[in-house]
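Worth saying up front: this structure is predicted, and the values here are computed from it rather than measured. Order of listing sets the numbers, starting from 1, for every ligand and every atom in it.
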Amino acid sequence: MASQPQTLTIRRPDDWHVHLRDGAMLQAVAPWTGRQFARAIVMPNLSPPVTSVAMAAAYRARILAALPEDARFTPLMTCYLTDHTDPAEVVRGFEQGAWAACKLYPAHATTNSAHGVTSVAHIRPVLDAMQRAGMPLLIHGEVTDPAIDIFDREAVFVERVLAPLLIDYPALKIVLEHITTAEAASFVAAGPATLAATITPQHLHLDRNALFAGGIRPHAYCLPVLKRARHRDAVRTAATSGSPKFFLGTDSAPHLIEAKETGCGCAGIFNAPFALESYLTVFEEEGALDRFEAFASEHGARFYGLPLNEGTVTVTRGGADVPERIGAVVPFHAGERLTWRLA
Ligand code: DOR
Ligand code: ZN
């Protein structure tokens with residue numbers, strides 16, 4: 001057996017999908033992301049959502065104010081699409097650097113998506129403008145039709161919505177966010193170079209049994225919901241394949257303990273504090289440690305057309321003990337010891 005590396009040094013990574021929230025929660029969680037990543041694509045599903053250039057600029061300033069003085073972290077903002085989004089505002093914000101992408105939430109698909117898009121038909125002028133400007137479209141890829149089984153909503157979205165979108169917008173850069181199924185993984189892998197996907201740590205580690213292990217487990221509940229083991233394994237294969245179409249996006253989505261442990265709990269897993277350590281466990285299990293740097297630090301930047309980060313981070317085989325609680329939030333892997341530790 002080849003000897004195990006004791007340390008790993010990689011180019012500084014980016015998180016291409018994170019929820020930093022606002023107010024007290026922003027103060028509590030932003031430093032964790034700032035410690036692990038050089039940049040992050042910040043989701044706009046606040047209440048009210050980030051729908052204008054002015055709102056994005058104000059939110060960006062609040063994020064920077066929540067970080068320590070010496071943080072070397074750049075938030076990349078996103079525009080929340082609604083049925084009424086103005087194409088000119090979207091392109092103006094992109095061209096002046098106020099935001100890096102637009103996020104498409106199908107209305108009522110997830111947390112704070114009530115103002116989301118009810119039909120792609122309503123945003124065609126926006127998509128035309130984005131395609132012309134070279135601005136990426138980030139998609140929460142689930143249909144919301146209550147007649148569709150919740151475990152099938154991503155696969156049905158790929159077939160009914162995403163496949164036609166690629167035909168209608170052949171030059172539009174599209175990121176299918178937080179993929180969870182074999183169908184999504186193979187569709188993205190086989191798709192054009194304009195199509196990519198982010199992958200979360202939880203969808204690499206867990207299958208849907210984790211939701212019901214000895215009782216109902218609200219801290220394993222996120223959207224898209226965990227799927228069968230064979231889907232998790234397909235997502236693991238995609239992440240560790242070396243394909244430039246797959247890159248790191250934690251979907252870290254903190255909710256207060258009382259909002260998770262209740263009769264109708266919120267979807268979301270807070271994985272930011274030990275995100276790199278969590279991904280590394282999977283890459284090591286898959287014998288793909290040598291592919292982690294590209295997944296974490298290269299593929300996303302290249303897809304977005306942004307420069308790679310300068311500088312490096314080092315992880316050691318020191319072991320990281322994940323606490324049961326971080327403030328008022330239960331983190332992913334609570335109470336576990338992870339093999340790797342960010343130096
Ligand atoms: O689990 C999730 N939580 N999935 C989402 O799509 C949204 C996120 C949140 O904002 O809480
Ligand atoms: Zn998300």
Side-chain angles (χ1 to χ4, degrees), residues 14-23 25-26 28-30 32-33 37 40-50 59 63 75-81 100-117 136-144 150-151 153-154 157 161 174-181 184 196-206 208 210-211 217-227 232 235 247-262 264-272 275 278 300 328-332:
D14 301 304
D15 182 351
W16 298 100
H17 184 135
V18 70
H19 299 268
L20 293 181
R21 310 304 195 203
D22 212 343
M25 186 66 95
L26 169 65
V29 304
W32 293 105
T33 292
F37 298 103
I41 285 278
V42 181
M43 289 296 136
N45 61 331
L46 304 181
S47 182
V50 178
Y59 184 31
I63 293 168
L76 301 171
M77 310 312 292
T78 56
C79 167
Y80 180 114
L81 294 179
C102 286
K103 179 70 187 279
L104 166 53
Y105 287 105
H108 306 293
T110 187
T111 308
N112 292 339
S113 61
H115 301 279
V117 174
L137 175 69
L138 318 181
I139 302 184
H140 183 109
E142 291 191 285
V143 293
T144 54
I150 191 166
F151 294 99
R153 287 180 190 175
E154 181 178 281
F157 183 93
V161 184
I174 297 177
V175 183
L176 185 58
E177 300 290 335
H178 43 52
I179 60 166
T180 64
T181 57
T198 54
I199 297 179
T200 77
Q202 57 267 22
H203 293 112
L204 292 169
H205 278 275
L206 305 179
R208 67 190 192 178
L211 288 164
R217 299 287 185 164
H219 299 290
Y221 174 54
C222 63
L223 287 171
V225 72
L226 299 171
K227 305 297 192 297
R232 179 206 50 202
V235 173
F247 42 84
L248 188 159
T250 62
D251 198 17
S252 183
H255 292 279
L256 295 174
I257 292 176
E258 58 265 33
K260 296 285 291 175
E261 299 179 6
T262 180
C264 184
C266 293
I269 295 180
F270 178 48
N271 59 32
S278 179
V329 184
V330 174
F332 188 38

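Side chains of S47 and N112: no donor on one and acceptor on the other come within 3.5 Å. Side-chain contact of T180 with K227: a donor-acceptor pair under 3.5 Å is present, judged by distance alone.
Between E142 and T110 there is no side-chain heavy-atom pair separated by less than 4.5 Å. Within the 4.5 Å cutoff, side-chain heavy atoms of I179 are placed close to those of I199. Inter-residue side-chain proximity for L137 and L104 is flagged as met; some heavy-atom pair is nearer than 4.5 Å. At a threshold of 4.5 Å between non-hydrogen side-chain atoms, the residues K260 and I257 do not count as touching.
Aromatic ring pairs are classed by plane angle as parallel below 30°, tilted from 30° to 60° and perpendicular above 60°; the pair Y80 and H115 is perpendicular.
Nearby protein atoms of type N, O or S around the Zn ion (ligand 2) amount to 3 (distance under 2.8 Å).
For ligand 1, the 4.0 Å heavy-atom shell contains residues H19, R21, N45, T110, T111, H140, C222, L223, D251, A253, H255, A267, G268.
Remark: side-chain polar atoms of R21 are paired, donor with acceptor, to backbone N or O of P254 under 3.5 angstrom.
Remark: of the listed residues H140, H178, H203, H178 is the sole one forming a ring pair (Phe, Tyr, Trp, His ring centres under 6.0 Å) with H17.
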